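Here the structure comes first, spelled out in structure tokens, and everything after it is commentary.
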Amino acid sequence: MFSNKAEFKAVFLQKLEMTFGTSFGESTKREQFQTLGHMIREYVSSDWIQTNEQYRSTGKKQVYYLSIEFLLGRLLRHNLMNLGIETVVMEGLQELGIDLEDLEEIEADAGLGNGGLGRLAACFLDSLASLNLPGHGCGIRYKHGLFEQKIVDGYQVELPEQWLRHGHVWEVRKSDDSIEIPFWGKVESYQENGKLMFRHLQAETVTAVPYDLPVIGYQTETVNTLRLWSAEPSRFTANTDILRYKKETESISELLYPDDTHDEGKILRLKQQYLLVAASLQSIVSSYKKQKRSLLEFHQFVGIHINDTHPALAVPELMRILMDEEGLGWNEAWYITVNTLSYTNHTTLSEALEKWPMRIFQPLLPRIYMIIEEINERFCQELWEKYPGDWGHIESMAILAHGEVRMAPLAIVGSHSVNGVASLHTEILKEREMNAYYQVFPERFNNKTNGITHRRWLIKSNPKLTNLITDSIGPKWIEDTENLENLLAFRKDQAFLTELGDIKKANKEKLAKIIHEKSGILVDTNSIFDVQVKRLHAYKRQLLNVLHIMYLYNRLKTDPGYSLYPRTFIFGAKASPGYYFAKKVIKLINTVADKVNHDPDVNDRLKVVFLENYRVSLAEDIFPAAEVSQQISTASKEASGTGNMKFMMNGALTVGTLDGANVEITELVGEENIFLFGLRAQEVLNFQKNGGYNSREYYHYDTRIREVTEQLVNGFFPDTEGEFTAIYDSLLNHNDQYFVLRDFASYVQIQEQVSEAYRDRSKWLEKSLVNIAKSGYFSSDRTIQEYANNIWKIKPIK
Ligand code: 26V
């Protein structure tokens, strides 16, 4: 299509004029962006077709990654880079007077996710394609991604996100592949050739329409597919209240995580989950059948991955397809189902473990419910043989109990592999949360420590550091990130360290500019950039961070001899709309920021910034500029964390608890290259089991704690009466569930060590270098290779 600058320019201009009927001189940035996007999509289409043909003709096993979230972010630069045409395009545009960076800014983030779970899915897709592995994503094409966050008067305000307002250049609508999804109605049994069969009657059907996105591997010819389903009214509906039916139908793919405090919201979420699963599985089975293979071998050629429990209905849906549509018997179908499916758990927090009331589930998905009943009955029978008479234990493990359908047990029982996402997390699953199932299926449990794609999180987002690395150790690390270890040879190389420091400084300046543009705050780029960016949740303890800032402020105000190394604390976080406490923490951060930033006694040494609307594209500017990475969850609560890996890869040092993947980070870099503090997971779990923690003791004996907690409620912050009572109560009247006060002293101390360490510049840079050098382990290529080898058993296809 184009192989040099001149050709690129000619095609670009022609396409722009043909598509928009406007001359280049008159065209808008958006038209230019869309032209470029369409060109790239056309550019990959032959590889895309070729990849699919190759997969079909070789007939090797393929994997489908089912996920309710895919947090892709922007794709333009990433696709150009992966295609290896970034330079041609950039220079070609330049000659036309267009800055590629300006066009990039036009693209809306595809923010179809909430946090780590969705971003992990996106990193995995990139690794699958880059490793030439036959693996595709299946998700939902939400009309609105995660809400857009505005901060008004310190409060989070949620606006509907509008990523599709101008269309999405990368997608292809495939309406011929649409699938009818039945809800409600009733199930009828009948006899066929002496066999008892079932059919679903009087259902209200919805049409699931697929939109395909190309997933382009890094400088390979592999182009996999992310298929996102959209819910549309069916042509076959018998519903006569058309307007209502249309509205109800479209609401299924309207937004991510609709509020499920009421039945209506629960129905909607369950519809989303079933739509995702049923449409994906039916399309997978129909493409398998085109290969003319027996369904009895299905599991040998297809793997289906359940990302967290949201797609766990894949278990009964695959059973339904195999039995009701393909005529297999229960035992055959069950064998195939279990051997096809695998499941990853991403959290042990009980509020995130999904359960659906049977009274809603049964009428909405009558046939699926029947199948779950049968799965449950057979599973309980098995348990009865293992634990005869122990009804209590059996009930605690059942899939159906206390009027609810429990999704995690359904996923475990129906999969041949169950994995956690970091070694500590997997141990906690095996020894505690899922111990009962581990006793029954020990061979199913395994660990797959998370990873991140270094192509987006280092090569694309930190080009300066990328160049320094390649200039120093050659380009081999790009293919295999373990080679980053070769950087260790430069530990004592002052010229290298100086350059490393200069690059960080340049990245800090870029971020400082963004901060100034977005919030009007001027930050000192010689100060330490100390960053906490992640979902807002009590267990992640943004509160500990902000209480520490209050303490620093108090100390600066009252202790004239105190010399604090200047620090800029940067936050980015969205709170779930219904999460009252999390929203109060956002308000507190902004209130403290306001006070600190406007106080001339301290604001030359202390600044606090809350960056609004944290999302993938903003994150790409934050990680390269960070020097301190805050990973301070209550030990045992963070399954893995992946932000921690992105910071590390960009040379930030971690201040963290021994939680999630911080454990592996510590093993890799050594305790001298990380700042650990706080309770260990075992201590937290023991407190939770046996009691013995009293937060008020810490209040009484530590004057620093007393002062900062009282300041929440004593008028210290003007015009905030009652504003922070819930936070105060959580700490002192509800015994501080997340051990914020227990870890406070230890956190203050480790932060002092950070300041101390930073004063020795070359020492600090050496630690930074060690972190980068050891971060290769956290490439999602390593993670995906482990999934491919040990769970999915898939091989590269070139
Ligand atoms: C939380 C919430 C909060 C309220 C609104 C709805 C909602 C939906 C999902 C979740 C959490 C889902 C699980 C999740 O994102 N887990 C994260 O998965 C990452 C990838 O494995 C892991 O690194 C993080 O530690 C884990 O928290």
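Counting starts at 1 for both ligands and their atoms, in listed order. Just so you know, these numbers come straight off a predicted model, no measurement behind them.
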Nearest protein heavy atom to atom 24 (C) of ligand 1, by residue and atom, and its distance?
-> E638 OE1, 3.3 Å
Would you mind listing which atoms of ligand 1 come within a distance below 4.0 Å of any non-hydrogen atom of A639?
-> 25 (O)
E482, M648, E667 screened by side chain to side chain contact (heavy atoms under 4.5 Å, CB included) with Y777, the one that passes = E482
Considering only heavy atoms, which of H346, Q631, K574, E354 lies nearest to atom 16 (N) of ligand 1?
-> H346
Could I get the full list of side-chain hydrogen bond (donor to acceptor under 3.5 Å, both in side chains) partners for K460, not counting sequence neighbours?
-> E620
Around atom 4 (C) of ligand 1, find the nearest protein heavy atom and jot down its residue, atom name and distance.
-> S576 OG, 3.7 Å
Consider only side-chain N and O atoms of S633 and D659, and report whether a donor and an acceptor are under 3.5 Å apart.
-> yes
Using a strict cut-off of less than 4.0 Å between a Lys/Arg side-chain nitrogen and an Asp/Glu carboxylate oxygen, indicate whether E264 and K266 qualify as a salt bridge.
-> no
Between R680 and E683, does at least one N-O distance fall below 4.0 Å, as a salt bridge requires?
-> no
Taking only heavy atoms of S640, which atoms of ligand 1 are found under 4.0 Å from at least one of them?
-> 23 (O), 25 (O)
What's the shortest distance from atom 12 (C) of ligand 1 to any protein heavy atom, and which residue and atom give it?
-> D308 OD2, 4.0 Å
Just need the protein heavy atom nearest to atom 9 (C) of ligand 1, so name the residue and atom and give the distance.
-> Y257 OH, 3.7 Å
G641 near ligand 1 by a heavy-atom separation under 4.0 Å = yes
Just which atoms of ligand 1 are under 4.0 Å from any heavy atom in Y539?
-> 27 (O)
Could you give me the CA-CA distance, side-chain angles and deciding distance for E148 and K150, then say whether salt bridge (Lys or Arg N to Asp or Glu O under 4.0 Å) is met?
-> CA-CA 7 Å; E148 185 184 327; K150 285 258 176 271; 3.4 Å; yes
Atoms of ligand 1 close to V421 [distance to a heavy atom under 4.0 angstrom, numbered from 1] | 21 (O)
For atom 7 (C) of ligand 1, find the nearest protein heavy atom and state the residue, atom name and distance (0.1 Å precision).
-> N114 ND2, 3.7 Å
Checking R541 against Y738: charged group under 6.0 Å from the ring centre and within 45 degrees of the axis?
-> no
May I ask you to decide if the ring planes of F647 and F623 are parallel, tilted or perpendicular, using 30° and 60° as cut-offs?
-> perpendicular
Atom 15 (O) of ligand 1: closest protein heavy atom, distance to 0.1 Å, is L117 CB, 3.2 Å
Is there a donor-acceptor contact under 3.5 Å linking the side chains of S780 and S127?
-> yes
Do any heavy atoms of R535 fall under 4.0 Å from ligand 1?
-> yes
